[in-house]
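Just follow the structure's listing: the first ligand is 1, and inside any ligand the first atom is 1. This chain uses plain numbering: 1 for the first residue, then up along the sequence.
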Amino acid sequence: MRNVTLLWGLRSPCNLGCRYCYFGTIEEHRILPVTAAGALSHLSRDDLSAEQILAFARTMAGSSVRRVFLAGGEPLIWPPVMNVIAALKSAGVQVVVCTNGIPLNRPDVVAALLELNVDGVSVSLDSTDPDYNDTWRPARNGRDGWQQVIDGVRALLAARAADASEFPKVGLYSVITRRNLPDISAVPFLAAELGCDYAVPQPVALATDHALYGELALTDEHVAELTERFTTLYGARLPVRLPPVSYPERVTAAVTAPTGLVKRCFGGTTLFFVEPDGSVWDCPSSLRIAATPPERRRSIADADAKQLFAPTGCAADCALFSVDCVNMWPLMDFTRVLTRARGRS
Ligand SMILES: C[S@@+](CC[C@H](N)C(=O)[O-])C[C@H]1O[C@@H](n2cnc3c(N)ncnc32)[C@H](O)[C@@H]1O
Ligand code: SF4
């Protein structure tokens, strides 16, 4: 049965330097290189080669992998990404590209995504306020930002319309912090206005010792406003798909009780996380990665997806629920996005 979803951080480099990024910042890693297992860095010292990545992608035919979310770093600034997408599609795998949206200003990139029948494109945009977005998601070239993301989304939607195609589905993903709570509903409203298909406001995930924790993290102090904003969003019945109705409750649970039990978690059964160095984890939760014993560490290098993701039976309970996990629920609910008829919420 094809029931496995991969979140695949394909490459480490990025053209933006988002201050809260899971990959940290290049500046801090130049001073303090990352060494811990599973720790990510845009400096990309151990990224697999294009040949290794392609060889693995070609093993997916006949495997249990149904859908791959290609993220990073920024996947669309790495030219071989189109060969990887082609290999995955030939293997019968659905492909959703997660991008910061700037590369969508390149007509060749948009044309290739359409030609390869990519199933979804999730574009990150944190706010309807360009200044807020560009403060927290600055471009390394000092020029690109909010406007180029909007232009990129419009270019992709226009090319899709010109092709009279339903695919790729296009959505906006926003990172919600204590400083942009109104964007929980404002960005999905913008997504609807642009003609997108889905919108996902996701809570920022920061370790308590992260330099920005005090400035950005959501805590129990924000529950009342989180609840109010999500109620407005779900009550608006926008013509864009939102995460399931249980999602707002999971967000508030994660920010009030940062750890807890998840019954029959999909992590390690139908969801896996692959890092740019090829390492395979049950999910991207830093708690779960830290708890992974050495004998369970695996890699896609020289591996075959049919063996690596062989069915493992029942999902196990996980006692490591955290804000990292909340961001996986919208991924695991993606069939609703891909099968949504235009204009229906
Ligand atoms: C790591 S990025 C990779 C793909 C692409 N570069 C992008 O920005 O969309 C994948 C998603 O994670 C989000 N993200 C990054 N750091 C985060 C954090 N600390 N907490 C929550 N989401 C985060 C990004 O905004 C983006 O939506
Ligand atoms: S664009 Fe994506 S990968 Fe790049 S720094 Fe921002 S969140 Fe991280």
Side-chain angles (χ1 to χ4, degrees), residues 6-29 39-44 47 68-78 81 95-104 109 120-127 132-141 144-146 148-149 152-153 156 170-180 183-184 187 191 198-213 215-218 243 250-251 254-255 258 273-276 283-286 322-331 334:
L6 296 188
L7 172 57
W8 189 352
L10 196 61
R11 304 291 293 171
S12 299
C14 189
N15 51 325
L16 301 192
C18 303
R19 296 176 56 194
Y20 50 65
C21 184
Y22 294 123
F23 280 70
T25 66
I26 288 184
E27 293 71 23
E28 71 196 352
H29 291 165
L40 297 161
S41 171
H42 288 302
L43 286 176
S44 69
D47 282 16
V68 172
F69 290 84
L70 287 178
E74 176 48 50
L76 293 182
I77 58 169
W78 186 57
V81 71
V95 175
V96 181
V97 176
C98 308
T99 173
N100 60 40
I102 306 288
L104 299 174
V109 168
V121 177
S122 298
V123 181
S124 297
L125 185 78
D126 284 359
S127 183
Y132 176 89
N133 186 75
D134 297 348
T135 298
W136 298 98
R137 300 183 62 83
R140 300 197 70 79
N141 68 7
D144 293 328
W146 189 93
Q148 287 69 31
V149 179
V153 170
L156 178 59
V170 181
L172 295 186
Y173 258 74
S174 22
V175 174
I176 300 301
T177 73
R178 64 176 67 179
R179 302 175 73 118
N180 71 335
D183 285 307
I184 287 176
V187 173
Y198 58 100
V200 181
Q202 52 174 7
V204 71
L206 293 172
T208 47
D209 61 355
H210 192 287
L212 295 172
Y213 183 86
E215 213 174 329
L216 298 184
L218 297 163
R250 289 193 192 276
V251 173
V255 305
F273 175 47
V274 182
E275 294 196 349
C283 77
S285 158
S286 48
S322 74
V323 76
D324 291 340
C325 315
V326 177
N327 297 333
M328 297 305 107
W329 266 283
L331 299 190
F334 217 77

Which atoms of ligand 2 sit under 4.0 Å from any heavy atom of [X]?
X: R137; value: 1 (S), 6 (Fe), 7 (S)
X: C14; value: 1 (S), 3 (S), 4 (Fe), 5 (S)
X: N100; value: 1 (S)
X: H42; value: 3 (S), 5 (S), 8 (Fe)

Legend entry - Salt-bridge contact R140-E27 (side-chain N to carboxylate O under 4.0 Å): yes
Legend entry - Worked verdict on C98 versus Y173 for side-chain contact (heavy atoms from CB on, under 4.5 Å): CA-CA 9 Å; C98 308; Y173 258 74; over 6 Å; no
Inset, instruction - Determine, using heavy atoms of G73 and all atoms of ligand 2, whether some pair is separated by less than 4.0 Å. - result: yes
Inset, instruction - Would you mind reporting whether T177 and Y132 have side-chain heavy atoms less than 4.5 Å apart? - result: yes
Inset, instruction - Answer yes or no: is there a side-chain heavy-atom contact under 4.5 Å between S124 and V175? - result: no
Specify the protein heavy atom at minimum distance from [atom]: its residue, its atom name, and the distance to 0.1 Å.
atom: atom 6 (N) of ligand 1; answer: G73 O, 3.0 Å
atom: atom 10 (C) of ligand 1; answer: A71 CB, 4.6 Å
atom: atom 11 (C) of ligand 1; answer: Q202 NE2, 4.1 Å
atom: atom 9 (O) of ligand 1; answer: S124 OG, 2.6 Å
atom: atom 20 (N) of ligand 1; answer: A205 N, 2.8 Å
atom: atom 6 (Fe) of ligand 2; answer: C18 SG, 2.3 Å
atom: atom 14 (N) of ligand 1; answer: Y22 CE1, 3.4 Å
atom: atom 1 (C) of ligand 1; answer: G72 O, 3.6 Å
atom: atom 8 (O) of ligand 1; answer: R137 NH2, 3.0 Å

Which atoms from ligand 1 have a heavy atom of [X] less than 4.0 Å away?
X: C21; result: 16 (N)
X: V204; result: 20 (N), 21 (C)
X: P203; result: 21 (C)

With the threshold set at under 4.0 angstrom, would you say [X] reaches ligand 1 through any of its heavy atoms?
X: S122; answer: no
X: C18; answer: no
X: G9; answer: no

Inset, instruction - Would you confirm whether any non-hydrogen atom of the protein falls under 4.0 Å from atom 26 (C) of ligand 1? - result: yes
Inset, instruction - Report the relative orientation of the aromatic rings in F23 and H42; use parallel for angles under 30°, tilted for 30 to 60°, perpendicular for over 60°. - result: parallel
Inset, instruction - Record the part of T99 in heavy-atom contact with ligand 1 below 4.0 Å; permitted values are side chain, backbone, both and neither. - result: backbone
Using a distance-only test with no angle check, is there a side-chain donor-acceptor pair under 3.5 angstrom linking [X] and [Y]?
X: T99; Y: E74; value: yes
X: S286; Y: Y22; value: no
X: D144; Y: N141; value: yes
X: S127; Y: N133; value: no

Inset, instruction - Measure from atom 4 (Fe) of ligand 2 to each N, O or S atom of C21 and report whether any distance is below 2.8 Å. - result: no
Inset, instruction - Could you check D126 against V187 for side-chain contact (heavy atoms from CB on, under 4.5 Å), going step by step and ending with a plain yes or no? - result: CA-CA 7 Å; D126 284 359; V187 173; over 6 Å; no
Legend entry - Selection from E74, H42, R11 by shortest heavy-atom distance to atom 5 (C) of ligand 1: E74
Inset, instruction - Kindly confirm or rule out an N or O of D126 lying under 3.5 angstrom from an N or O of ligand 1. - result: no
